[in-house]
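Single-structure report; data block below.
All values below were derived from every heavy atom in this structure, side-chain atoms included, with hydrogens, water molecules and symmetry-related copies excluded.
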Amino acid sequence: MAVHFKSLRSGSSGNCLMLWTETTRVLIDCGWESTRACRRGLAPVPPGAPEEIEAVVLTHLHGDHLSKAALRALRDLQVPVYCHESCVGALERNGVPVTLCAYDTAPVVIGDLAFTPVRLSHTPGFVTHGFTVAGPGGRPRLVIATDLASWDGLLPHFVDADFVFVEANHDPRLARERPVPNSRYHLSNEQTAALLVSLLRESRRPPAGIMLGHVSAERNRPELVRAAVAAALAQAGLGAAAPPLWLAPRRGCSETVTLGATAGAAAPGRPEQLSLFAP
């Protein structure tokens, strides 16, 4: 069974990822600045209308991942929100009634997709999770991880994945020039590059594709992400074997990545527009 992935937006201004099969449509996070923007942003989501979205699975309670404005749109669309059990009380008190479903450590099955929570280290006071997502029978397997201060202890979740979405948030030099406290709670380009090197070294086969997201508008640039990843892969002797890599736009949709029940492959289209490596 094919599983499709698309980033609808990714960054400090808002985060929303979409996964779907022929019969199941699920969002990871739903961060939009207004209810109208949320409805407009979800309108072109394939296949079908926003009313066909079955659930939102929430990583954590920061407003760029779930806003009150988006909650109003989800209420109107009658879309349930799956959140960690520690977040239920805060969402119940927010004043926008939506259907809440709590997860803990066990996989959450929504239609064709199984979401297994992976605890991430992020800002104090905000319990944060990434997910491994699997189709029926366990494949394809996708790994989603943004908003993390470190990937220590997380490599086993990435190894042998069919697709990886992970953040490359900031360039260390720009973070020093334009300091904000939150940079320390996100991966730098070099940290992400080191993760990718370890992932490729430890995996029996490379993933069909990797997409990097949550790129800072003020403390990063696409060419800096590209340079850091390319240098790390080249130094490790892995440049020639690297899978397709894309950069998720901060606003707007990414390329659609389609993964089959076996190894999977990136969907045809115009990957050069998002590719981290210029031809």
Side-chain angles (χ1 to χ4, degrees), residues 1-33 37-59 64-67 70 73-74 77 79 81-82 110-115 130-135 139-147 161-168 207-215 222 225 243-261 263-276:
M1 174 180 289
V3 176
H4 312 276
F5 172 92
K6 182 186 287 288
S7 172
L8 305 185
R9 59 187 338 206
S10 181
S12 57
S13 59
N15 295 272
C16 189
L17 309 176
M18 177 75 178
L19 297 100
W20 72 96
T21 68
E22 186 176 349
T23 60
T24 301
R25 288 158 291 283
V26 179
L27 300 178
I28 295 180
D29 291 334
C30 196
W32 302 84
E33 62 273 20
C38 182
R39 292 296 297 262
R40 185 172 61 246
L42 299 182
V45 172
E51 288 78 7
E52 297 181 23
I53 294 170
E54 295 181 37
V56 172
V57 182
L58 181 64
T59 60
D64 58 327
H65 292 261
L66 184 69
S67 63
L74 297 175
L77 294 167
V79 175
V81 175
Y82 286 74
I110 305 171
D112 296 325
L113 302 173
F115 295 76
F131 300 95
T132 62
V133 187
R139 303 308 286 262
R141 188 171 71 87
L142 301 82
V143 180
I144 312 295
T146 67
D147 294 68
D162 295 303
F163 175 77
V164 170
F165 183 90
V166 66
E167 73 174 1
I210 296 169
M211 189 176 293
L212 305 182
H214 217 306
V215 176
V225 181
L245 294 108
W246 298 277
L247 186 64
R250 287 190 294 273
R251 295 179 181 271
C253 295
S254 74
E255 191 80 7
T256 296
V257 177
T258 297
L259 301 148
R270 296 173 297 169
E272 71 277 6
Q273 292 192 353
L274 296 175
S275 176
L276 292 180

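Between atom OH of residue Y82 and atom CD of residue E54 there is a gap of 9.0 Å, rounded to the nearest 0.5 Å. Within the model, atoms CZ of R25 and CD1 of I53 stand 8.5 Å from one another, a figure rounded to the nearest 0.5 Å.
Pairs of residues two or more places apart, or lying in two chains, never qualify as salt bridge (Lys or Arg N to Asp or Glu O under 4.0 Å) while including a residue from residues 10-21.
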Apply the test side chain to side chain contact (heavy atoms under 4.5 Å, CB included) to residues L77 and R39: give CA-CA distance (whole Å), side-chain angles for both, the deciding distance (0.1 Å), then the verdict. CA-CA 9 Å; L77 294 167; R39 292 296 297 262; 3.6 Å; yes
Walk me through whether L42 and C16 qualify under side chain to side chain contact (heavy atoms under 4.5 Å, CB included). CA-CA 9 Å; L42 299 182; C16 189; 4.2 Å; yes
Could you walk me through whether L142 and F5 pass side chain to side chain contact (heavy atoms under 4.5 Å, CB included), step by step? CA-CA 9 Å; L142 301 82; F5 172 92; 4.2 Å; yes
From CA spacing to verdict: side chain to side chain contact (heavy atoms under 4.5 Å, CB included), V56, L74: CA-CA 9 Å; V56 172; L74 297 175; 3.8 Å; yes
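W246 pairs in a side-chain contact (heavy atoms from CB on, under 4.5 Å) with only one of the listed residues (I210, V257, L212), which is V257. Shown are L113, D162, T24, V133; of these, the side-chain contact (heavy atoms from CB on, under 4.5 Å) with V3 is made only by L113. Under the side-chain hydrogen bond (donor to acceptor under 3.5 Å, both in side chains) test applied with N15, the options D29, D64, D147 reduce to a single match, D64.
Looking at S10, its side chain does come within 3.5 Å of a backbone N or O of H214 through a donor-acceptor pair. Under the 3.5 Å distance criterion, the side-chain polar atoms of R9 are matched with a main-chain donor or acceptor of G31. Proximity of a side-chain donor or acceptor of S254 to a complementary backbone N or O of S7 within less than 3.5 Å is detected.
For A70 against C30, the heavy-atom pair with the smallest separation is CB-O, 3.0 Å. Here the closest heavy-atom approach between residue L247 and residue P222 is recorded as CD2-CB, 3.6 Å. When all heavy atoms of M18 and L27 are compared, the pair lying nearest together is SD-CD2, 3.3 Å. Scanning all heavy atoms of the two residues, the minimum distance from W32 to G41 falls at CH2-CA, 3.5 Å. The heavy-atom pair separating F163 from P207 by the smallest distance is N-CB, 4.1 Å. Between I28 and I144, the shortest heavy-atom distance links the atoms CD1-CG1, 3.8 Å.
Applying the ring-ring contact (aromatic ring centres under 6.0 Å, His included) test to H4 and every residue at least two apart in sequence or in another chain returns W20. Applying the ring-ring contact (aromatic ring centres under 6.0 Å, His included) criterion to F115, with sequence neighbours excluded, gives no partner residue.
Inter-residue side-chain proximity for V57 and V26 is flagged as met; some heavy-atom pair is nearer than 4.5 Å.
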